[in-house]
Each structure stands twice: as structure tokens, then as C-alpha cells.
Colleague: 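To start, I am sharing the structure in question, which I have written as C-alpha cells.
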Amino acid sequence: MERIGNLILNQTKAPPVSNQLSSVNKANQKQWSKEQADMYWHNQLVISMKSISPTFTIDDSNRQLLKALYQWIWGMPGILDLDKGLLLHGSIGVGKSTLLKGLQNYAAKIARYCIGGADAGLTFQFTSAAEIALQFADKGITGLNQYTDRSCMHNLAIDEVGREPMDAKYFGTGINAIQTVLQLRYEQRYCFYTHMTTNLDPNTEFPGRYGDYIADRVKEMFNVVKIEGKSRR
């Protein structure tokens, strides 16, 4: 899997003030120290979170996690495994979706700076577990191809896993859509990231919902991160 951070071997060039800057103008920008560039991109991570939730604040409940997410997306060694996706779980309202959507915005921002466009397989598609179930109910197994077929697969974030219908039906044929998607994406885990948010406890509630096969492989696919703190809603 290509990492966004791998595209910038020298991070001392000043970040662009506009996405419309020509390549010549970019080349003429002043050189920043690594400390200045690091500060800029740390600030951009917070700005990306605020673009999703304007009231987003850094506090003791998320400070270390933000640092870990910053290191992960830039391919820096840290507490998160760089070869695994992110599974954020915790109580309702603690900010799981905000963190993942903010990270999606941040990844797109980095990709635009690095290569001039976000459509390079470096960011990730964002959908909900309920939408995946509805895709199956509407189109059958072909409705899941965009998530499971290697020829058109992307890095994927699935929001609110556990809140979707367990037995989505297409002309009377029912499947557990998320279980199917996770099983097929497990086979491609070294090529495409999968991220998730859930209110369920992956250790105790996934076996009954998605089967022992998926529950057993969660730690192979994901950095499992519990989001602590009070509801931010």
C-alpha cells in the first residue's frame, strides 16, 4: 500500500498558500525548516477536524490519539501499525466519525499538495454500514463490488458498523453485508486499507454479530483504538 508520507522525502518546502499555485510558483517558494513544516501539518490536521466539527477541541482525551494519527498517516513509527487500518470504537458521541472524516479531509489535503490531486488511491472512500447493506438490498452482490472487487476497490472507511440491518435481502436472499465485505477485504488487506467506526466492543460483540472468522481477524486488519471521554454532542 502506498503511503501519503512516502511522497514527501524532503518536507522542508513551504506548503502552498493556494491549490491553484503553478509548479513554477511552488518551486520558488521559500524553504521551511522541518520544524516549521511539522507545525504547519500538525495545524492542518486540527483544521481538518474542525472542518467536520467546528467545535472540535484538543483535550486530554484525544491529544495522544491525534499524535498517533499524525504519525500513522505520514508513515512515521509510533504506537499504530503502519500496515493496518483504523478501527475506532467507543460510546455514542465521543467523536469517532469526526476523527475519521477529518482524517479523510487531511489525507486529501496532503495528496493535493504532494501530487496535485486527491484521486490517487492515497485517500479513502467514506460510507456507512447502513449504505453498504442498502447497496446489497438494491443490487445484490454486484452492489458490493465497489467495496470488494480488486479491479475497482479503494481504501475504505465504514462508519457506524453495527447499526446496519444484519440480514439485508435481495429478492429474498439475505446476507450479512458487512460480514461479507470484511471477509473479502481481509484477503486484500495488504493492498487496500479498511477503516471503521463502531459503538460495539470488537472483542466481545463482534463474534455474535459478524462471526468468529471476522472477530478473529480484526486485529490483523486494524489498529483497534478505543475512544475515551464524554459525549461531545
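Residue numbers run from 1 in the order of the sequence given.
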Colleague: Nearest heavy-atom pair of L200 and G162: which atoms, and what distance?
Modeller: CD1-CA, 3.8 Å
Colleague: Could you state the interatomic distance from CD (E160) to OG1 (T127), rounded to the nearest 0.5 Å?
Modeller: 10.5 Å
Colleague: Could you check V224, V161, V218 and say which one makes a side chain to side chain contact (heavy atoms under 4.5 Å, CB included) with M196?
Modeller: V161
Colleague: Measure across I132 and A177 and return the closest heavy-atom pair with its distance rounded to 0.1 Å.
Modeller: CG2-CB, 4.2 Å
Colleague: How would you list, by chain and number, every residue that makes a ring-ring contact (aromatic ring centres under 6.0 Å, His included) with F206, sequence neighbours excluded?
Modeller: Y210
Colleague: Flag the pair Q71 / P77 as yes when at least one side-chain heavy-atom distance between them is below 4.5 Å, and no otherwise.
Modeller: no
Colleague: Could you tell me whether K50 atom NZ has more than 12 heavy atoms of other residues or ligands within 6.0 Å of it?
Modeller: yes
Colleague: Between T142 and K139, is there a donor-acceptor pair closer than 3.5 Å when you use the side chain of the first and the backbone of the second?
Modeller: yes
Colleague: Output all residues satisfying side chain to side chain donor-acceptor pair (under 3.5 Å) with E220, sequence neighbours left out; order by chain, then residue number.
Modeller: Y186
Colleague: Do V225 and I58 belong to the same hydrophobic cluster, where Ile, Leu, Val, Met, Phe, Trp and Tyr are linked whenever their side-chain heavy atoms lie under 4.5 Å apart, directly or via other members?
Modeller: yes
Colleague: E187: what forms a side chain to side chain donor-acceptor pair (under 3.5 Å) with it, not counting sequence neighbours?
Modeller: Y213
Colleague: If you take all heavy atoms of S51 and N105, which pair is closest and at what distance?
Modeller: OG-ND2, 3.0 Å
Colleague: Measuring from atom NZ of K101 to atom OG of S48, what distance do you get when rounded to the nearest 0.5 angstrom?
Modeller: 14.5 Å
Colleague: Donor-acceptor pair, distance only, cut-off 3.5 Å: does the side chain of N62 make one with the backbone of T57?
Modeller: yes
Colleague: Taking C-beta and beyond as the side chain, do F136 and T180 meet within less than 4.5 Å on heavy atoms?
Modeller: no
Colleague: Report the distance from atom OG1 of T194 to atom CE of M153, rounding to the nearest 0.5 Å.
Modeller: 7.5 Å
Colleague: Do I47 and M39 belong to the same hydrophobic cluster, where Ile, Leu, Val, Met, Phe, Trp and Tyr are linked whenever their side-chain heavy atoms lie under 4.5 Å apart, directly or via other members?
Modeller: no
Colleague: Between N203 and K219, is there a side-chain heavy-atom distance shorter than 4.5 Å?
Modeller: yes
Colleague: Does one side chain, of T197 or D159, offer a donor that lies under 3.5 Å from an acceptor on the other?
Modeller: yes
Colleague: Give me the atom names and distance for the closest heavy-atom approach of G90 to K96.
Modeller: O-NZ, 3.3 Å
Colleague: Does one hydrophobic cluster hold both F192 and L184, with members joined at side-chain heavy-atom distances below 4.5 Å?
Modeller: no
Colleague: Go through it in stages, so that I can follow the logic: the residues are K67 and Q64, the test is side chain to side chain contact (heavy atoms under 4.5 Å, CB included), and I'd like the CA-CA distance, side-chain angles, deciding distance and then a yes or no.
Modeller: CA-CA 5 Å; K67 178 182 177 181; Q64 291 303 312; 4.2 Å; yes
Colleague: According to a 4.5 Å side-chain heavy-atom criterion applied to Ile, Leu, Val, Met, Phe, Trp and Tyr, with indirect links allowed, do I141 and L182 form part of one hydrophobic cluster?
Modeller: yes
Colleague: With sequence neighbours left out, write down each residue that passes side chain to side chain donor-acceptor pair (under 3.5 Å) with D60, or none if nothing qualifies.
Modeller: R63
Colleague: Minimum heavy-atom separation for W41 and Y106, please, with both atom names.
Modeller: O-OH, 2.8 Å
Colleague: Let me see the working for H195 and F124 under ring-ring contact (aromatic ring centres under 6.0 Å, His included), right down to the final yes or no.
Modeller: CA-CA 9 Å; H195 311 301; F124 50 89; 4.8 Å; yes
Colleague: State the CG-CG distance between L99 and L69, to the nearest 0.5 angstrom.
Modeller: 6.5 Å
Colleague: Just jot down the side chain to side chain donor-acceptor pair (under 3.5 Å) partners of D149, sequence neighbours excluded, or say none.
Modeller: S151
Colleague: Which residue pairs pass the salt bridge (Lys or Arg N to Asp or Glu O under 4.0 Å) test with at least one member in residues 201-217, sequence neighbours excluded?
Modeller: E164-R209
Colleague: Determine whether the side chains of Q135 and E131 contain a donor N or O and an acceptor N or O closer than 3.5 Å.
Modeller: yes
Colleague: Between the side chain of W72 and the main-chain N/O of K84, is any donor-acceptor distance below 3.5 Å?
Modeller: yes
Colleague: Tell me whether I52 is reachable from L65 by hopping between hydrophobic residues (I, L, V, M, F, W, Y) whose side-chain heavy atoms are closer than 4.5 Å.
Modeller: no
Colleague: To the nearest 0.5 Å, what is the distance between CG on L45 and OH on Y70?
Modeller: 8.5 Å
Colleague: Looking only at non-hydrogen atoms, find the nearest pair between L103 and M49 and report the distance.
Modeller: N-CE, 3.8 Å
Colleague: What distance do N155 atom CG and F126 atom CZ have between them, rounded to the nearest 0.5 Å?
Modeller: 14.0 Å
Colleague: Ignoring hydrogens and angles, tell me if any N or O in the side chain of R185 forms a donor-acceptor pair with the backbone of Y193 under 3.5 Å.
Modeller: yes
Colleague: Taking side chain to side chain contact (heavy atoms under 4.5 Å, CB included) as the criterion, tell me which of D83, I79, L86, L87 meets it with N223.
Modeller: L86
